[in-house]
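Residue numbering restarts at 1 for every chain, and letters A, B, ... go by the order of the sequence lines. When reading the values below, keep in mind they use all heavy atoms of this one structure, side chains included, and skip hydrogens, waters and symmetry mates. Model, not experiment: these values are computed from the prediction.
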Number of protein chains: 2
Amino acid sequence: MSDLLERLRGRGWRLTSQRRVVAEVLDGEHVHLTADEVHARAAGRLPEISRATVYNTLGELVALGEVLEVATDGRAKRYDPNAHRAHQHLVCSGCGAIRDVHPHGDPLAALPAAERFGFAVATAEVTYRGLCPDCRP
Amino acid sequence: MSDLLERLRGRGWRLTSQRRVVAEVLDGEHVHLTADEVHARAAGRLPEISRATVYNTLGELVALGEVLEVATDGRAKRYDPNAHRAHQHLVCSGCGAIRDVHPHGDPLAALPAAERFGFAVATAEVTYRGLCPDCRP
DNA sequence: GTGTTGACTTAGACAGAGTCCAAGTTAGGA
DNA sequence: TCCTAACTTGGACTCTGTCTAAGTCAACAC
Ligand SMILES: [Mn+2]
Ligand SMILES: [Mn+2]
Ligand SMILES: [Zn+2]
Ligand SMILES: [Zn+2]
């Protein structure tokens, strides 16, 4: 992620302080922040950064494949900087905590051709749900 | 689904015309309607049914396990009356069309204990994504 | 260094999905 | 038939995200 800014420059992007700060907020942390959380942390370093710019930058990073968008039911999307190693998510049904997990095998392999209905199936996302240690009875 | 109204009555629910119409709209169809689509179809039979009641009734049916909520990223949730046979979903990345699919094996089995981090993992939802025949280049 | 310019940022209006509330209505038991 | 708690209603409200017009500035040319 630290060379992300170089990669972006290589694509002809302007390196603005806003983009730099958003990249720094996502850098290194294996977290799954909402756009508003990214905005709050970015504003800690660059107080007047706008929500629109955070949304724009996140959208650009997603389009480049540098960040993944994780849709969690009903609530705000989460942005995942761990885009370079395929993984799935384990979500606590109690508190909403999210962890990266690495299941065995390729989930796509479980879908037989007869169940593909002519689709060109490209990806399989798996969401495991259950109660985390803190939320267990 | 046709005896759903009986099951609801058994739980002490009042059988109102609104609830009856929402149940009829979902009945039998293996579709994945949004709340607003359910409202539109229900209003065809009972013109003054309100959005709030449709949301309330759908939420109650979900809580009872009679209907599944399918979160599709960014868009409105879809309500799935096919709650009595486990299945997964295949979604077109182009037009958003949804189909029920039945992969081989239990997707939970692919997650080793060491990857469960103390969670009591209960379910695995799989979303397959790709282009449907109409959207393929 | 200075100037130029189109890419970028901003505030705020807007939109879609869903929730909440106070007031009115009604299903179903007494 | 009456009564009342449960249900429904319309509209206000919240949350998430998009859009736009006007202002700003990074990067390049000189
Ligand atoms: Mn992740
Ligand atoms: Mn389904
Ligand atoms: Zn938890
Ligand atoms: Zn399609």
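Within 4.0 Å (heavy atoms only), B:A52 reaches at least one base atom of the nucleic acid.
The separation between B:R20 atom CZ and C:dG28 atom C1' is 13 Å, rounded to whole Å. Rounded to whole Å, atom P of D:dT8 lies 12 Å from atom CG of B:L58. Taking atom CD1 on B:I49 and atom C1' on C:dT26, their separation rounds to 15 Å, with Å as the unit. Atom P of nucleotide D:dT8 and atom CG of B:L15 are separated by 10 Å, given to the nearest angstrom. Between A:K77 atom NZ and D:dG17 atom P the separation is 6 Å, expressed in whole Å. Here the P atom of nucleotide D:dG23 and the CD atom of A:E48 are 18 Å apart, to the nearest Å. Across the protein-nucleic acid pair, A:R9 atom CZ and D:dA26 atom C1' stand 11 Å apart, rounded to whole Å. What separates CG of A:L8 from C1' of C:dA7 is a distance of 14 Å, to the nearest Å.
A salt bridge does not link A:E115 to B:R99: none of the charged nitrogens lies less than 4.0 Å from a carboxylate oxygen. Salt bridge annotation for B:E24-B:R41: absent, with no cationic side-chain nitrogen under 4.0 angstrom from a carboxylate oxygen.
You'll find a donor-acceptor pair under 3.5 Å spanning the side chain of B:R14 and the base of C:dT26, going by distance alone. Between the base of D:dG10 and the side chain of B:R51 there is no donor-acceptor pair shorter than 3.5 Å.
Under the 3.5 Å distance criterion, with hydrogens and angles disregarded, a donor-acceptor pair is assigned to the side chains of B:D80 and B:H89. Between the side chains of A:E66 and A:H84, at least one donor-acceptor pair of N or O atoms lies under 3.5 Å. Judged by distance alone, the side chains of B:H32 and B:D100 do bring a donor and an acceptor atom under 3.5 Å apart.
Between C:dT10 and A:T53, a contact under 4.0 Å exists linking OP1 or OP2 to a side-chain N or O. Here A:T16 reaches the OP1 or OP2 of C:dT9: one of its side-chain N or O atoms lies under 4.0 Å away. Not one side-chain nitrogen or oxygen of B:Q18 sits closer than 4.0 Å to the OP1 or OP2 atom of C:dT26. For B:Y55 and C:dG18, the shortest distance from a side-chain N or O to OP1 or OP2 is below 4.0 Å.
If you find the closest nucleotide of DNA chain D to A:A35 and to A:S17, the one lying nearer the 5' end belongs to A:A35. Closest-nucleotide positions on DNA chain C for A:L46 and B:T34 were compared, and the one nearer the 5' end corresponds to A:L46.
Listed nucleotides: C:dT9, D:dC19, C:dG18. Nearest to the side chain of A:S50: C:dT9.
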